[in-house]
Amino acid sequence: MLRPYFKNKVRIIFSLTCLACQLVLPTFSNAKTGGDSTLLEFNLTLRERFEVWDGMNAKNYGNPNGVGSLNDKLLFQRIIAGFTFKPTSKIDFAAHIQDSRAFGWSLRNSEYPELFRVKQKNTQEPYYTMNPNEEFFEIYDLYIAVKEIFKGVSLKIGRQKISFGDNRIFGPGEWGNTGRWTWDAVRLSYNNKNNSLDVFGGGTKTHDPEKGAILFTETEHWGGGAYAHIEFGKLALVEPFYAIKTQGSADYIREQSFTRHWIGARVFSDEVNRFKYDFTLTQEFGHENGKTINAFGIIGLLGYQFHGLPAKPTLCLRETFASGGNNDDTRVRTFDPAFGAKDSFYGRMNITSWSNLDDREVVLYLTPSKNLKMEMNYHFFYLPSPENNTLLGTMNLQTGKHHLGNEFNIFASYNAGKQFQFVGVFGYFWAGDLQPINGTTAQNSNWFAVQAIFKLDKEIFAKH
């Protein structure tokens, strides 16, 4: 039986769908003819992912007596369904719901209802929840978009996904079953040929399987930013950016006091005599709990494309660095990766993120066919500030050591037409200079996943 707020959200989406249908029933057609335009589009996305873990989970590395199982075999399911109504060529109204479930997950909410609560240590309340994999009948998006308010200018207001560039500063975090960053925001976009500028502000929602989030309520953070894309021929593409993050409206975090700012730029190119490069530099500043913030992040990639070989391999070296610090420092020196995604960049097993990190990486990209893409990478993980820094609840480095461990990943994705995508991933982590866990030497771990995505879009056309 659906809880009352679930019922209300379903009723909202259903009512909006019925209203849109009533408006267009007299004039729609299932078949497009000359001059017709899309008036209503129904959308369904089904994602199923089976995962097998050995030696760790999202809250516990290597401790058999710790939280959850170290050998999960589970199925993640995510369904997104709704519609986009287009009464004119310049207006889109979208409404979709998302249902995210985790079958067989040892950390599921029914087993550990407090596990993903964010709160003061050794307290029970207040708190808010950021569950990465479970969220039932939640509003996925609900927005109105107006195109060409002025030449090249568009506006979008409401719940939406926001991502730019390589997703490291602003990204959706879509590998997680609930999707890490979902915005309730106002976004203004300007496009001029291949150049663009986006400015936006709003809040990022919480993810709670027991509590819904109406638009612009239950925000983890208030914030926003600006992101530009400027092309200087084939030699350089430049993306300057600014971001701001402060406490949101949800319980517990609204009582905190911090304002974080980021300013920086990404400079990259894939077409310099078969060489490619990609550099990002960002400085973080502001204040948190009476301390000033002075932190930074750097990413540098150099690669070469072997177009004459089968599968067109591209071999790259990449360094990802983020400053770290300790709680007893007079300044906050640990870099916070703003609103960025982490799932495909700092090891796919999600042990690390772009924070207190020195990640030395070798990457090989392969394109065996138009629809098949592959990536292999090997990471050497180090922590710049290892003291008093614990990962996954159990991972602590030995005194004077910095080497967290190494990780190998192989990733492949295949597009079978427009409706199906299949993904396979394998990861293996070699423990570095870790302290003993549960009285024994830290062991290696591995992970395997296969994923299938099915998309169905049904268009109804306006008769002219």
Side-chain angles (χ1 to χ4, degrees), residues 5 9 58-59 78 97-98 100 107 109 112-121 123-143 157-164 167-187 200-225 227 242-262 284 286-289 293 295 332 334-343 350 353-355:
Y5 57 85
K9 284 185 284 187
K59 291 289 186 177
R78 187 175 73 183
I97 59 173
Q98 173 177 292
S100 303
L107 305 182
N109 186 72
Y112 295 96
E114 299 182 7
L115 189 58
F116 294 99
R117 292 178 181 177
V118 182
K119 54 187 175 60
Q120 187 73 29
K121 188 176 181 180
T123 65
Q124 294 300 315
E125 292 183 347
Y127 68 87
Y128 67 95
T129 301
M130 293 299 296
N131 192 306
N133 295 315
E134 290 183 302
E135 192 173 36
F136 312 131
F137 295 103
E138 179 62 295
I139 299 174
Y140 174 76
D141 66 22
L142 184 62
Y143 66 80
I157 302 174
R159 181 159 298 173
Q160 57 191 285
K161 291 290 186 178
I162 295 178
S163 60
F164 302 107
N167 293 332
R168 291 181 186 264
I169 300 297
F170 299 105
E174 282 294 88
W175 185 259
N177 209 36
T178 57
R180 176 61 179 92
W181 300 109
T182 300
W183 287 85
D184 295 333
V186 178
R187 174 178 173 179
F200 67 96
T204 59
K205 67 179 290 296
T206 60
H207 297 289
D208 190 339
E210 297 182 355
K211 186 177 183 180
I214 304 302
L215 271 67
F216 295 97
T217 68
E218 294 298 325
T219 59
E220 181 184 23
H221 300 292
W222 295 115
Y227 203 98
Y242 167 77
I244 181 173
K245 176 194 288 185
T246 187
Q247 61 272 7
S249 63
D251 289 343
Y252 173 67
I253 197 167
R254 67 184 176 214
E255 301 172 3
Q256 307 305 302
S257 177
F258 63 89
T259 301
R260 293 175 174 266
H261 305 264
W262 294 261
E284 181 183 358
H287 67 83
E288 180 175 355
N289 296 325
I293 299 172
V332 177
T334 301
F335 182 76
D336 176 1
F339 304 97
K342 62 177 280 189
D343 36 66
N350 283 331
S353 63
W354 192 19
S355 179

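Because only heavy atoms are used, hydrogens play no part in the values below, and waters and symmetry mates are left out as well, while side chains stay in. What you see is a predicted model, and the numbers here were worked out from it, not measured in a lab.
T219 is linked by a side-chain contact (heavy atoms from CB on, under 4.5 Å) to W222, S249, counting only residues two or more places apart in sequence or in another chain. Qualifying side-chain contact (heavy atoms from CB on, under 4.5 Å) partners for N167, counting only residues two or more places apart in sequence or in other chains: S163, P172, A341, F345. Under the ring pair (Phe, Tyr, Trp, His ring centres under 6.0 Å) criterion, F116 pairs with W105, sequence neighbours left out. Shown here are the side chain to side chain donor-acceptor pair (under 3.5 Å) partners of R168, two or more places apart in sequence or in another chain: D166, Y346. By the side chain to side chain donor-acceptor pair (under 3.5 Å) test, T217 pairs with no residue at all, sequence neighbours left out. Residues passing the ring pair (Phe, Tyr, Trp, His ring centres under 6.0 Å) test with W181, sequence neighbours excluded: F339. A search for salt bridge (charged side-chain N to carboxylate O under 4.0 Å, His left out) contacts involving K245 returns D336, not counting sequence neighbours. Partners of E218 by side chain to side chain donor-acceptor pair (under 3.5 Å), not counting sequence neighbours, listed by chain and number: K211. Taking the side chain to side chain donor-acceptor pair (under 3.5 Å) definition, one finds that E288 meets it with R260, sequence neighbours left out. Remark: D251 pairs with R254 by the salt bridge (charged side-chain N to carboxylate O under 4.0 Å, His left out) rule, at least two apart or across chains. By the salt bridge (charged side-chain N to carboxylate O under 4.0 Å, His left out) test, E255 is found to be paired with no residue, residues two or more places apart in sequence or in another chain being considered.
Side-chain atoms of I169 and P337, non-hydrogen and from C-beta on, never get closer than 4.5 Å to each other. For the pair D208 and E135, the minimum side-chain heavy-atom distance is 4.5 Å or more. Residues L142 and L215 meet the side-chain proximity criterion, which asks for heavy atoms closer than 4.5 Å. Side-chain contact between W262 and Y242: absent, with no pair of heavy atoms (C-beta onward) separated by less than 4.5 Å. No side-chain heavy atom of T246 sits under 4.5 Å from any side-chain heavy atom of H221. Contact check for Y127 versus I253: no side-chain heavy atoms found under the 4.5 Å cut-off. The closest side-chain heavy-atom distance from T259 to H261 is below 4.5 Å.
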Are W354 and K342 close enough, and set up right, to give a side-chain contact (heavy atoms from CB on, under 4.5 Å), and what steps lead you there?
CA-CA 7 Å; W354 192 19; K342 62 177 280 189; over 6 Å; no
Between D343 and N350, does the side-chain contact (heavy atoms from CB on, under 4.5 Å) criterion hold? Intermediate values first, please.
CA-CA 6 Å; D343 36 66; N350 283 331; 4.3 Å; yes
How far apart are the C-alpha atoms of E134 and N177, what are their side-chain angles, what is the distance that settles it, and do they pass the side-chain hydrogen bond (donor to acceptor under 3.5 Å, both in side chains) test?
CA-CA 7 Å; E134 290 183 302; N177 209 36; over 6 Å; no
Hey, mind stepping through F200 and I162 against side-chain contact (heavy atoms from CB on, under 4.5 Å) and telling me if it holds?
CA-CA 9 Å; F200 67 96; I162 295 178; 3.6 Å; yes
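In this structure, the side chain of H207 does not engage the main chain of T129 through any donor-acceptor pair within 3.5 Å. Side-chain atoms of S355 come within 3.5 Å of backbone N or O of F335 as a donor-acceptor pair. Under the 3.5 Å distance criterion, the side-chain polar atoms of E138 are left unmatched by any main-chain donor or acceptor of I97.
A donor-acceptor contact closer than 3.5 angstrom links the side chains of S100 and Q98.
Using a cutoff of 4.0 Å between basic side-chain nitrogens and carboxylate oxygens, R159 and D141 are not scored as salt-bridged. The residues K119 and E114 are annotated as not salt-bridged, no charged nitrogen and carboxylate oxygen being separated by less than 4.0 angstrom.
Sorted by first and then second residue, the salt bridge (Lys or Arg N to Asp or Glu O under 4.0 Å) pairs involving residues 172-181 (not counting sequence neighbours) are R78-E174, K161-E174, R180-E220.
Considering CD1 of I157 and CG of D184, their distance stands at 12.5 Å, rounded to 0.5 Å.
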